[in-house]
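Okay, structure first, notes after.
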Number of protein chains: 2
Amino acid sequence: MDPILIPNVSIDCVVFGFDMQDLKVLLVDRDIEHNGVLHHDRKLPGDLIRKDEELDSAACRILHDLSGLQNLYLNQFGSFGGVNRLKSKERDLIWLKQIDHPEERVITIAYYTLINLTSAKEEYILRSNAKWTSLDSLGELAFDHAEIITKAYSMMKQNFKVNPIAFELLPDKFTLSQLQKIYEVVLKTQYDKRNFRKKISQISCIVPINEKQTNVAHKPARLYMFSKDIYEKTRKDNFDFTV
Amino acid sequence: MDPILIPNVSIDCVVFGFDMQDLKVLLVDRDIEHNGVLHHDRKLPGDLIRKDEELDSAACRILHDLSGLQNLYLNQFGSFGGVNRLKSKERDLIWLKQIDHPEERVITIAYYTLINLTSAKEEYILRSNAKWTSLDSLGELAFDHAEIITKAYSMMKQNFKVNPIAFELLPDKFTLSQLQKIYEVVLKTQYDKRNFRKKISQISCIVPINEKQTNVAHKPARLYMFSKDIYEKTRKDNFDFTV
DNA sequence: CCAAAAGTGTTAGGAGTACACCCATGA
DNA sequence: TCATGGGTGTACTCCTAACACTTTTGG
């Protein structure tokens, strides 16, 4: 194994993406060959960390290598260190041999990140074996990655209610219906349009701009932006983004 | 170094205690001798983890060795892995040499735990160099432990608003004034007694019992208990303990 | 009888909720 | 002209916040 890596500590990243329909997770295909049979499942993007590398930098490196994206919103939400987390499924053991993994216990520090799939589309290229997968049809996952994703989603939801992270999943300019949609998808609820808008109109950091949608087959919607500036200036300790 | 330890991964524990007055943190005294001068500061209880030990078990072991206490509420709230986190202060370097620490990078997984100092008093004995210190006069701390405590407190506060963890800091039977006090201390706010009680009376899992305080020089207060049972049965996904 | 904390109700204002119709655009 | 989502107001209920006096005990 590369001696600049720490053998016991890795980073895994749960990348959430939103395409105005669904919450998606970025997963990497894994092919496991055993006795001539090919088995197929998916894993989270992740890697061991380097001896001279900050944790956040390692997460950035993994995400950049995977997608070319930089400056993503990163949230470290937990560590997973079960003694047998790499060894509880047969296909995991075979795969570890295949990639020459040292027989060491690995404790992983997990991050989630949020990206929006509509405006980012042109800015990045996914490594060929990485795919967006809908959060509610993840299929078979490697190691304890199902558990990690479940925790990531639950922590993200909590954070969603209390911090303005919805805007990471939306393009810079968005409509109120898009904002409502993402709250509904992430929090698995439904909101009344008028009440939602009444609430939003009280939040000073969500500002209307003088632009409208174009090329839509209906009345074009007004566009809004999130002002980080106003947010920083007006935030109270208890600020609440629940709607 | 003991070969059953993982050299790169440790656990640190932020133990919060409440004595009906103040939030306290449990810290371990550290004496550093350098050129005949004795320097004194404090560190969080912590240790490297063992190769065959679950993360939570390691935290339990550390707390048990320190205090004799078991079955504490444990919350893993973050990992701290700065490349130079052990090496940025001179006294830390001296101390590491003193205890024969291997020259390895250590990533620490941090837990906080809550205990109540009034009823626990008789059940445990602190290791002699461990002391309760008020959260707002911590003094000089080792390594990045000030940062860890700040994060612990902030995560604990967030959790406090949304989960019934206040009761970990109170004796089994408590008065409403004690409950109010702990909300005020932890969240650094003040509440109106009547409004607080009105809100509490709507929470079904905080149940009055047929007992009163004794030996107090004023009208004795009714005692209450937290019913985990009722809580589990009636909790909604969105339950909210803000008062 | 004094000190100390317990216990208790009302009101006014603000927030949340439920609900239905017309509008602007592209096809 | 039709289909599609955009945009808007009102009434009712519930929660929040402000506020002061009597009660029970130990000393």
Side-chain angles (χ1 to χ4, degrees), chain A residues 18-22 118 161-162 170-171 173-185 187-204 206-225 234 236-243, chain B residues 18-22 118 161-162 170-171 173-185 187-204 206-225 234 236-243:
Chain A
F18 182 62
D19 60 2
M20 302 298 173
Q21 304 290 328
D22 246 355
T118 52
K161 292 176 193 164
V162 119
L170 290 174
K173 301 170 181 180
F174 52 86
T175 70
L176 293 184
S177 297
Q178 292 170 340
L179 186 61
Q180 181 174 344
K181 177 78 180 175
I182 198 164
Y183 271 95
E184 291 179 341
V185 168
L187 302 179
K188 290 187 175 142
T189 41
Q190 298 268 97
Y191 299 102
D192 174 84
K193 205 199 321 189
R194 280 173 290 191
N195 295 336
F196 183 86
R197 283 161 190 246
K198 201 188 303 169
K199 182 83 184 260
I200 294 297
S201 69
Q202 294 162 12
I203 300 178
S204 63
I206 300 173
V207 294
I209 60 173
N210 279 326
E211 281 182 59
K212 297 191 167 192
Q213 281 182 312
T214 48
N215 294 316
V216 285
H218 53 77
K219 177 169 174 180
R222 180 129 194 212
L223 295 175
Y224 288 72
M225 293 185 78
T234 62
K236 301 167 197 82
D237 257 1
N238 269 3
F239 202 81
D240 188 355
F241 267 86
T242 29
V243 271
Chain B
F18 182 63
D19 60 0
M20 301 298 173
Q21 303 290 328
D22 244 356
T118 51
K161 292 176 193 167
V162 118
L170 290 174
K173 301 170 183 182
F174 52 87
T175 71
L176 292 184
S177 297
Q178 291 170 339
L179 186 62
Q180 180 175 344
K181 177 79 180 174
I182 197 163
Y183 271 94
E184 291 178 342
V185 168
L187 301 179
K188 292 187 173 142
T189 41
Q190 298 268 100
Y191 298 101
D192 174 85
K193 203 199 322 187
R194 281 173 289 190
N195 294 337
F196 183 88
R197 283 161 190 246
K198 203 186 305 168
K199 181 87 183 254
I200 293 296
S201 68
Q202 293 161 14
I203 299 178
S204 63
I206 300 172
V207 294
I209 59 173
N210 280 326
E211 284 183 55
K212 298 192 167 192
Q213 281 181 311
T214 48
N215 293 316
V216 285
H218 53 77
K219 178 171 173 177
R222 179 127 193 214
L223 295 175
Y224 288 72
M225 293 184 77
T234 61
K236 301 170 197 82
D237 257 3
N238 268 2
F239 201 80
D240 189 353
F241 268 86
T242 30
V243 272

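Residue numbering restarts at 1 for every chain, and letters A, B, ... go by the order of the sequence lines.
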ask   = With Gln178(B), which residues qualify under side-chain hydrogen bond (donor to acceptor under 3.5 Å, both in side chains), at least two apart?
value = none
Contacts of type salt bridge (charged side-chain N to carboxylate O under 4.0 Å, His left out), residue Glu211(A), not counting sequence neighbours = Lys173(A)
ask   = With Tyr224(A), which residues qualify under ring-ring contact (aromatic ring centres under 6.0 Å, His included), at least two apart?
value = none
inquiry  = So does Phe196(A) get a backbone contact from the side chain of Gln180(A), meaning a donor-acceptor N/O pair under 3.5 Å?
reply    = no
note = side-chain hydrogen bond (donor to acceptor under 3.5 Å, both in side chains) filter on Ser177(B), not counting sequence neighbours, yields Arg197(B)
task = Tell me, please, the opening and closing nucleotides of DNA chain C, 5' to 3', among those with an atom under 4.0 angstrom from a non-hydrogen atom of chain A.
result = dG16(C) to dG26(C)
task = Sequence neighbours left out, what passes ring-ring contact (aromatic ring centres under 6.0 Å, His included) with Tyr183(B)? Give chain and number order.
result = Phe160(B)
message = Which residues pass the side-chain hydrogen bond (donor to acceptor under 3.5 Å, both in side chains) test with Gln213(B), not counting sequence neighbours?
response = none
task = Would you mind reading off the distance between Gln180(A) atom CD and dG5(D) atom C1', rounded to a whole angstrom?
result = 12 Å
task = Provide, to the nearest angstrom, the distance between the CZ atom belonging to Phe196(A) and the P atom belonging to dG9(D).
result = 18 Å
request  = Quick one: label Arg222(A) by what it contacts on the DNA or RNA (base, sugar-phosphate, nothing), any heavy atom closer than 4.0 Å.
outcome  = sugar-phosphate
request  = Return the value, rounded to whole Å, for the distance between atom CD1 of Ile200(A) and atom P of dT8(D).
outcome  = 14 Å
request  = Any chance you could list the contact pattern along nucleotides 18-27 of chain D? Use B for base contacts, S for sugar-phosphate-only contacts and - for none, protein heavy atoms under 4.0 Å, 5' to 3'.
outcome  = BBB--BBBS-
query = What residues, two or more places apart in sequence or in another chain, satisfy side-chain hydrogen bond (donor to acceptor under 3.5 Å, both in side chains) together with Asn210(A)?
reply = Arg222(A)
request  = Give the rounded distance in Å between these two atoms: CD1 of Ile203(B) and P of dC15(D).
outcome  = 12 Å
